[in-house]
Amino acid sequence: MSQNIPEKQWAQVIEKTGGPVEYKEIPVQKPGPDEVLVNIKFSGVCHTDLHAVNGDWPLPTKLPLVGGHEGAGIVVAKGELVQDIEIGDHAGVKWINGSCLACDFCQQSDEPLCAKALLSGYTVDGSFQQYAIAKGAHVARIPKEIPLDAISPVLCAGITVYKGLKESGARPGQTVAIVGAGGGLGSLAQQYAKAMGLRTIAIDSGEEKKKMCLEELGSHAFIDFATSKNVVKDVQAATEDGLGPHAVILVAVNEKPFQQAAEYVRPRGTVICIGLPAGAYLRAPVFESVIKMITIKGSYVGNRKDTSEALEFYRRGLIKVPYKTVGLSELQKVYDLMHEGKIAGRYVLDTSK
């Protein structure tokens, strides 16, 4: 089953690790029996995409590679085994492109931990193309009233921070610190936290990010790590009892915040690591970690249920995505801005340009 589908399409492709990305025509693939073909209308750009280009992680990418894993579009073809999604439905191609659905982890709804998981824009081609393939069981089901450009960043950044907040165990009325608050993940984390009844402290640097976090995203306090003389004391002082936040959500792209969080989280608090700075290590003082009984844990994207819940928060009008739209052909410019650390909010690529 399919609509009229062209033989060729425009895509951003890397031929070798380190790039560059090349905007060119490539063939449109056909979906397998358990797959769908999604006509990607918009795709968010994530720091992971830049890590994939640069080969920053110990996991090798496929080459040549079409990056991207925040693709929102319309189902135009599907394999004969796909029963619960129809041609014309709106769907999202996210980081978890597919998994085995049979292993221990898949059976307990931890599909991201599946040893055979397919990763969009990393081990399989992703959403920086006009037509992308994903497993029918794993594409996000996007309600038709949701605009595809605005929802695309939620397909990775939104799901990921929402899952991290769930993993933190923070309860309504408690305080979470969000480190890297002014970036794509951080801007969404503040909103999900607020929608979940949490009080937020934003940690980042610069006046533009401070204004965005306090005025637009509803954080109660902003700590500028670049100008603060003592980040640990300032974060603790921003909490109501001075003991520190109940949880810390680390979405920063450099290593230092990962080595400070354990010092300012409150006793019995939880540090959630989400950002993946290249080559970085966690550090925590053993004495304080023990006597404060703190928890440090990783949180990695989300499962299919986390996805539908994260999308539902957006559908209900509780999440606004700060984003700028540029053409798919301009991906390299977005990477350059990321490399220079000059991105506030999220960039979304329009595949028609």
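Each residue takes its place number in the sequence, starting with 1.
Within the 4.5 Å cutoff, the side chain of Glu111 has no heavy atoms near those of the Phe105 side chain. Within the 4.5 Å cutoff, no side-chain heavy atoms of Gln12 are placed close to those of Val66. For the pair Val13/Lys24, a side-chain contact is recorded, criterion being any heavy-atom separation below 4.5 Å from C-beta on. Side-chain atoms of His69 and Thr48, non-hydrogen and from C-beta on, do get closer than 4.5 Å to each other. Side chains of Cys103 and Lys116 form no contact here, defined as non-hydrogen atoms less than 4.5 Å apart. Counting only heavy atoms from C-beta outward, the side chains of Glu86 and Val75 never approach each other to under 4.5 Å. Within the 4.5 Å cutoff, no side-chain heavy atoms of Pro245 are placed close to those of Val176.
Residues Tyr131 and Pro6 approach most closely at OH-CD, 3.3 Å, considering heavy atoms. The shortest non-hydrogen separation linking Ala134 to Asn97 is CA-OD1, 3.3 Å. Across Asp234 and Ser228, no two heavy atoms sit closer than the pair OD2-OG, 2.6 Å. Annotation for Gln129 and Gly126: closest pair NE2-O, 2.7 Å, computed over non-hydrogen atoms. For Pro277 against Phe258, the heavy-atom pair with the smallest separation is CG-CE1, 3.5 Å. For the pair Ser205 and Phe222, the tightest heavy-atom approach, listed with the atom from each and the gap, is N-CZ, 3.9 Å.
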Under 3.5 Å, sequence neighbours excluded: what are the donor-acceptor pairs made by side chains of residues 150-163?
from: Ser152; atom 1: OG; to: Asp149; atom 2: O; distance (Å): 3.0
from: Thr160; atom 1: OG1; to: Cys156; atom 2: O; distance (Å): 2.7
from: Tyr162; atom 1: OH; to: Glu309; atom 2: OE1; distance (Å): 2.6
from: Lys163; atom 1: NZ; to: Asp306; atom 2: OD2; distance (Å): 3.1

Considering only distance and modelled atom types, tabulate donor-acceptor pairs under 3.5 Å from the side chains of residues 26-38, sequence neighbours left out.
from: Asp34; atom 1: OD1; to: Lys135; atom 2: NZ; distance (Å): 3.2
from: Asp34; atom 1: OD2; to: Lys135; atom 2: NZ; distance (Å): 3.2
from: Glu35; atom 1: OE1; to: Gly32; atom 2: N; distance (Å): 2.6

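The CG atom of Asn303 sits 10.5 Å away from the SG atom of Cys106 when rounded to the nearest 0.5 Å. Note: Asp56 CG to Leu59 CG = 12.5 Å, rounded to the nearest 0.5 Å.
Ser219 and Thr200 are linked by a side-chain donor-acceptor pair at a separation below 3.5 angstrom, with hydrogens and angles left out of the test. No donor-acceptor contact under 3.5 angstrom links the side chains of Asp104 and Gln108, judged on distance only.
Stacking of Arg315 on the aromatic ring of Phe313 is not recorded, the 6.0 Å distance cut-off and the 45° axial limit not both being met.
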Candidate pair Ile85 and Arg141, rule side chain to side chain contact (heavy atoms under 4.5 Å, CB included), full reasoning: CA-CA 8 Å; Ile85 194 161; Arg141 276 65 171 161; 4.2 Å; yes
Tyr264/Ile203 under side chain to side chain contact (heavy atoms under 4.5 Å, CB included): CA gap, chis, key distance, verdict: CA-CA 12 Å; Tyr264 56 70; Ile203 305 173; 3.6 Å; yes
Pair Leu328-Ser43, side chain to side chain contact (heavy atoms under 4.5 Å, CB included): steps then yes or no: CA-CA 8 Å; Leu328 176 61; Ser43 179; over 6 Å; no
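Under the rule for a ring pair (Phe, Tyr, Trp, His ring centres under 6.0 Å), the partners of Tyr122 that lie at least two apart in sequence or sit in another chain are Trp57, Trp95.
Placement of Ile296 and Val231 within a single hydrophobic cluster is found when ILVMFWY residues are connected by side-chain heavy-atom separations under 4.5 Å, directly or transitively.
For the pair Lys292 and Glu288, the salt-bridge criterion is not met [side-chain N within less than 4.0 Å of a carboxylate O].
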